[in-house]
Novice: 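There's a structure below that I have some questions on.
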Amino acid sequence: MKTLIKNVKIVNEGQIVESDILIQDDIIFKIDSHISEEADRIIDGSGQFLLPGIIDDQVHFREPGLTHKGDIESESRAAIAGGITSFIDQPNTVPNAVTQELLAEKYEIGAQKAYANYGFMMGGTNDNLEEVLKTNPRNVPGIKLFLGSSTGNMLVDNPETLENIFSNTKMLIAVHCEDEATIRANTQKYMDEYGEDIPVQFHHLIRSEEACYKSSSKAIELAQKTGARLHVFHLSTAKETELFRNDIPLKDKKITAEVCVHHLTFTNNDYETKGGLIKWNPAVKTQKDKDGLWQALLDDRIDVIATDHAPHTWEEKQNVYTKCPSGAPLVQHSLVVMLENYRNGKISLEKIVEKMAHNPAILFRIEKRGFVREGYKADLVLVDLNENWTVTKENILYKCGWSPLEGMDFHAKVTHTFVNGHLAYENGMTHDEKFGERLLFEIEK
């Protein structure tokens, strides 16, 4: 099967070049200004931009065990509609993916249900070091540790256990950093005043800057001590960005950072209108924090943009503060949110591609993905930067049926998504066949 895309502007590796691109089977076969070869499918890309498929390194697709909120099939379908061709799912499902057997079961589900390419993190606990060390770095992206509260038994708060994990694995260790003792004390303070119905406006003061910085700085200190590869998920404070460097290439960094789309979009002022719909952990914080995160993203102290996609049902989100779960769906809309920021002059197209495709591939050492290069897997996204549309319940694909972005207008749209050379999504329609493959990772020599 050959697909030829003509006259498209390719955004890749710091440049925008008008070119043709030929896909043969599952790979990018040829990139050239004039390709005259015959093809089974020809797409005129005039006026459109072609990006490498987005790689989201942090999602919670809720399967197994929480599939009333979302599942691998529904959420990966939403992902390809948003230009995400590869995802890395987190282990806090039910049961938690903290044994090799349970991790293998998730991969079996992914093989059957994923519209996009998939990787599943191995989860660490206070007592599963032996299982963690069995993890195969060739086909598992890394180890996930929750240093703040999570589902089930995944809070890792034993200093000896942490040091053992950091000291004994060469795999990337990804961490959720919030200090549990600080959060518990803050929660109790507000419960003493308000009971369980704490106004959500206090969420960023409960899951505070202090809680985030205290945990992040400790994790970095331990990584520096042990030489571990550390990736700090979803920074939410300007103060934390001071902990990261931008004076060495990403491929040489051993300590890296990520920011999520919602922390670049919302502030605590939005709790008044959005309420629990924008209750995330870590919390959306102040305008000063949002500005600091943007600065660190643009000056390369922050390496990756992700979503932390974490759907809950509408009914669950209507509960009082202490019973309202944290998290929201974002994979269908993360790229268009960033393209809106491009339109508004906050970030270049080249930088969006760097942070959402190139850098996740470099950081996780994903094989043959994340770039528009001959010989690489044909994971590609076509976007129209001049198509106006509004997020409504009718065009939301998440199983939960809602989005914190409902009612927002956008001026860019994903028109085509290719997964392993297959046209998986086209102008609002998802193909029934699933083309996702298990991600593979280059092993450090």
Side-chain angles (χ1 to χ4, degrees), residues 25-28 51-61 63 71-73 75-80 82-91 93 97 100 102-123 134-144 169-174 229 231 233 250-251 256 258 303-309 331 334-335 353 355-373 375-381 417-422 424-425 434-444:
D25 298 325
D26 63 340
I27 67 163
I28 299 168
L51 322 179
I54 302 307
I55 301 171
D56 192 337
D57 77 352
Q58 190 193 176
V59 304
H60 302 265
F61 281 177
E63 192 167 5
D71 56 53
I72 289 169
E73 183 173 46
E75 306 315 284
S76 67
R77 180 169 173 258
I80 61 169
I84 292 170
T85 56
S86 299
F87 65 87
I88 295 176
D89 188 76
Q90 303 308 302
T93 42
Q100 294 302 316
L102 291 169
L103 185 61
E105 288 175 7
K106 284 190 73 170
Y107 271 105
E108 288 172 12
I109 298 169
Q112 297 168 13
K113 293 190 171 184
Y115 281 97
N117 306 306
Y118 52 92
F120 297 100
M121 298 286 276
M122 175 65 180
K134 292 177 187 174
T135 307
N136 183 352
R138 175 67 175 145
N139 58 22
V140 178
I143 311 302
K144 172 67 178 289
T169 182
K170 290 185 178 179
M171 294 185 70
L172 180 143
I173 299 168
R229 287 176 62 208
H231 184 50
F233 276 155
L250 176 58
K251 66 181 178 61
T256 52
E258 166 201 291
D303 306 288
V304 169
I305 300 170
T307 63
D308 194 17
H309 173 93
V331 288
S334 57
L335 177 56
V353 166
K355 302 295 184 178
M356 299 185 82
H358 300 341
N359 283 4
I362 294 168
L363 197 154
F364 283 88
R365 299 172 181 162
I366 300 173
E367 186 173 271
K368 299 282 187 184
R369 301 188 193 273
F371 294 85
V372 183
R373 291 175 179 169
Y376 269 54
K377 291 281 190 175
D379 296 338
L380 301 167
V381 182
T417 303
F418 290 86
V419 179
N420 297 305
H422 298 277
Y425 174 84
K434 300 174 180 70
F435 304 113
E437 295 179 353
R438 183 170 183 163
L439 295 172
L440 295 176
F441 307 91
E442 297 169 357
I443 301 174
E444 186 177 13

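Everything numeric here is computed off the predicted structure, so don't read it as measured data.
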Novice: If you define the side chain from C-beta out and look only at heavy atoms, does anything of M171 sit under 4.5 Å from M121?
Specialist: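 In short, these two side chains do not touch, never coming nearer than 4.5 Å.
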
Novice: Return the set of residues passing side chain to side chain contact (heavy atoms under 4.5 Å, CB included) with I362 (not counting sequence neighbours), or none when no residue passes.
Specialist: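 By the side chain to side chain contact (heavy atoms under 4.5 Å, CB included) rule, I362 matches L250, K251, N359, F371.
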
Novice: When you measure from the side chain of H309 to the backbone of H60, do you find a donor-acceptor pair of N or O atoms at a distance under 3.5 Å?
Specialist: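 Side chain of H309 to backbone of H60: no pair is present.
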
Novice: For R229 and T256, indicate whether the former's side chain and the latter's backbone hold a donor-acceptor pair under 3.5 Å.
Specialist: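 Absent.
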
Novice: Restricting to side chain to side chain contact (heavy atoms under 4.5 Å, CB included), what partner residues turn up for E105, sequence neighbours left out?
Specialist: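 E105: side chain to side chain contact (heavy atoms under 4.5 Å, CB included) contacts with E101, L102.
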
Novice: What is the distance from atom CD of E73 to atom CD1 of I109, rounded to the nearest 0.5 Å?
Specialist: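 It is 12.0 Å, given to the nearest 0.5 Å.
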
Novice: Which is it for K368 and R373 under the side chain to side chain contact (heavy atoms under 4.5 Å, CB included) test, yes or no, and what are the steps along the way?
Specialist: CA-CA 9 Å; K368 299 282 187 184; R373 291 175 179 169; over 6 Å; no

Novice: Do the non-hydrogen side-chain atoms of E258 and D57 ever get within less than 4.5 Å of each other?
Specialist: yes

Novice: Drop me the distance from L51's CG to L380's CG, to the nearest 0.5 angstrom.
Specialist: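 It comes to 9.0 Å.
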
Novice: So which heavy atom on T85 is nearest to which on A116, and how close?
Specialist: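 Result for this residue pair: O-CB, 3.3 Å.
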
Novice: Can you list the steps and then say if T307 with Q58 is a side-chain hydrogen bond (donor to acceptor under 3.5 Å, both in side chains)?
Specialist: CA-CA 6 Å; T307 63; Q58 190 193 176; over 6 Å; no

Novice: State which residues pass side chain to side chain contact (heavy atoms under 4.5 Å, CB included) with K106; sequence neighbours excluded, sorted by chain then number.
Specialist: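 P64, D89, T93, A97, F120.
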
Novice: Atom CD1 in I80, atom NZ in K434: separation rounded to 0.5 Å?
Specialist: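 Separation between the atoms: 9.5 Å.
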
Novice: Tell me, do V59 and V331 make a side-chain contact under 4.5 Å, heavy atoms counted?
Specialist: yes

Novice: Taking only Lys NZ, Arg NE, NH1 and NH2, and the carboxylate oxygens of Asp or Glu, determine whether K113 and E108 approach each other closer than 4.0 Å.
Specialist: no

Novice: Could you walk me through whether T135 and Q100 pass side chain to side chain contact (heavy atoms under 4.5 Å, CB included), step by step?
Specialist: CA-CA 7 Å; T135 307; Q100 294 302 316; 3.1 Å; yes

Novice: Could you tell me which residues satisfy ring pair (Phe, Tyr, Trp, His ring centres under 6.0 Å) with Y425, sequence neighbours excluded, listed by chain and number?
Specialist: none

Novice: So, for A361 and G370, which heavy atoms are closest and what is the spacing to 0.1 Å?
Specialist: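 For A361 and G370, the tightest heavy-atom pair comes out as CB-CA, 4.0 Å.
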
Novice: Please report the closest heavy-atom contact between E75 and F61, naming both atoms and the distance.
Specialist: CB-CD2, 3.3 Å

Novice: Is there a donor-acceptor pair closer than 3.5 Å between any side-chain N or O of N117 and the backbone N or O of G436?
Specialist: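 No, the answer is negative, given that no donor and acceptor are paired below the 3.5 Å cut-off.
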
Novice: Among residues at least two apart in sequence or on other chains, which ones pass salt bridge (Lys or Arg N to Asp or Glu O under 4.0 Å) with D56?
Specialist: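 In terms of salt bridge (Lys or Arg N to Asp or Glu O under 4.0 Å), with neighbours along the sequence ignored, D56 is linked to no residue.
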
Novice: Listed by chain and number, what are the salt bridge (Lys or Arg N to Asp or Glu O under 4.0 Å) partners of D303, not counting sequence neighbours?
Specialist: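 For D303 the salt bridge (Lys or Arg N to Asp or Glu O under 4.0 Å) partners, ignoring immediate neighbours, are K253.
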
Novice: Please step through side chain to side chain contact (heavy atoms under 4.5 Å, CB included) for the pair H358 and L363, ending with a clear verdict.
Specialist: CA-CA 9 Å; H358 300 341; L363 197 154; over 6 Å; no

Novice: Return the set of residues passing salt bridge (Lys or Arg N to Asp or Glu O under 4.0 Å) with R77 (not counting sequence neighbours), or none when no residue passes.
Specialist: none

Novice: Can you name the nearest heavy-atom pair linking V381 to P52, along with the distance?
Specialist: CG2-O, 4.4 Å

Novice: Measure the CG-CD1 distance between D379 and I27 for me, rounded to the nearest 0.5 Å.
Specialist: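 So the CG of D379 and the CD1 of I27 are separated by 12.0 Å.
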
Novice: Considering residues at least two apart in sequence or located in another chain, which fulfil the ring pair (Phe, Tyr, Trp, His ring centres under 6.0 Å) criterion with Y115?
Specialist: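 Here no residue qualifies.
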
Novice: Using salt bridge (Lys or Arg N to Asp or Glu O under 4.0 Å) as the criterion, list what pairs up with E367, not counting sequence neighbours.
Specialist: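 With neighbours one apart ignored, the set is R138.
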
Novice: Measure across P360 and A357 and return the closest heavy-atom pair with its distance rounded to 0.1 Å.
Specialist: CD-O, 3.4 Å

Novice: So, do F87 and S76 sit near enough that their side-chain heavy atoms are less than 4.5 Å apart?
Specialist: yes

Novice: For K355 and V304: C-alpha separation, side-chain torsions, deciding distance, then whether side chain to side chain contact (heavy atoms under 4.5 Å, CB included) applies.
Specialist: CA-CA 5 Å; K355 302 295 184 178; V304 169; 5.9 Å; no

Novice: Go through the structure and list residues passing ring pair (Phe, Tyr, Trp, His ring centres under 6.0 Å) with F233, not counting sequence neighbours.
Specialist: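 Applying ring pair (Phe, Tyr, Trp, His ring centres under 6.0 Å) to F233 gives H231.
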
Novice: Who pairs with R438 by side chain to side chain contact (heavy atoms under 4.5 Å, CB included), at least two apart in sequence or on another chain?
Specialist: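 Residues passing side chain to side chain contact (heavy atoms under 4.5 Å, CB included) with R438: Y107, Y118, N139, V140.
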
Novice: Rounded to the nearest 0.5 Å, what separation is found between the OG atom of S86 and the CD1 atom of I54?
Specialist: 10.0 Å

Novice: Is it the case that the side chains of Q90 and K144 hold a donor-acceptor pair, with the cut-off being a distance below 3.5 Å and no angle test?
Specialist: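 Looking only at side-chain atoms, Q90 and K144 do form a donor-acceptor pair, the distance falling under 3.5 Å.
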
Novice: About how many Å separate CD1 of I173 and CE of M122, when rounded to the nearest 0.5 Å?
Specialist: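 M122 atom CE to I173 atom CD1 measures 13.0 Å (nearest 0.5 Å).
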
Novice: Please list, chain by chain and in numerical order, all residues satisfying ring pair (Phe, Tyr, Trp, His ring centres under 6.0 Å) with F435, sequence neighbours excluded.
Specialist: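 In terms of ring pair (Phe, Tyr, Trp, His ring centres under 6.0 Å), with neighbours along the sequence ignored, F435 is linked to H422.
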
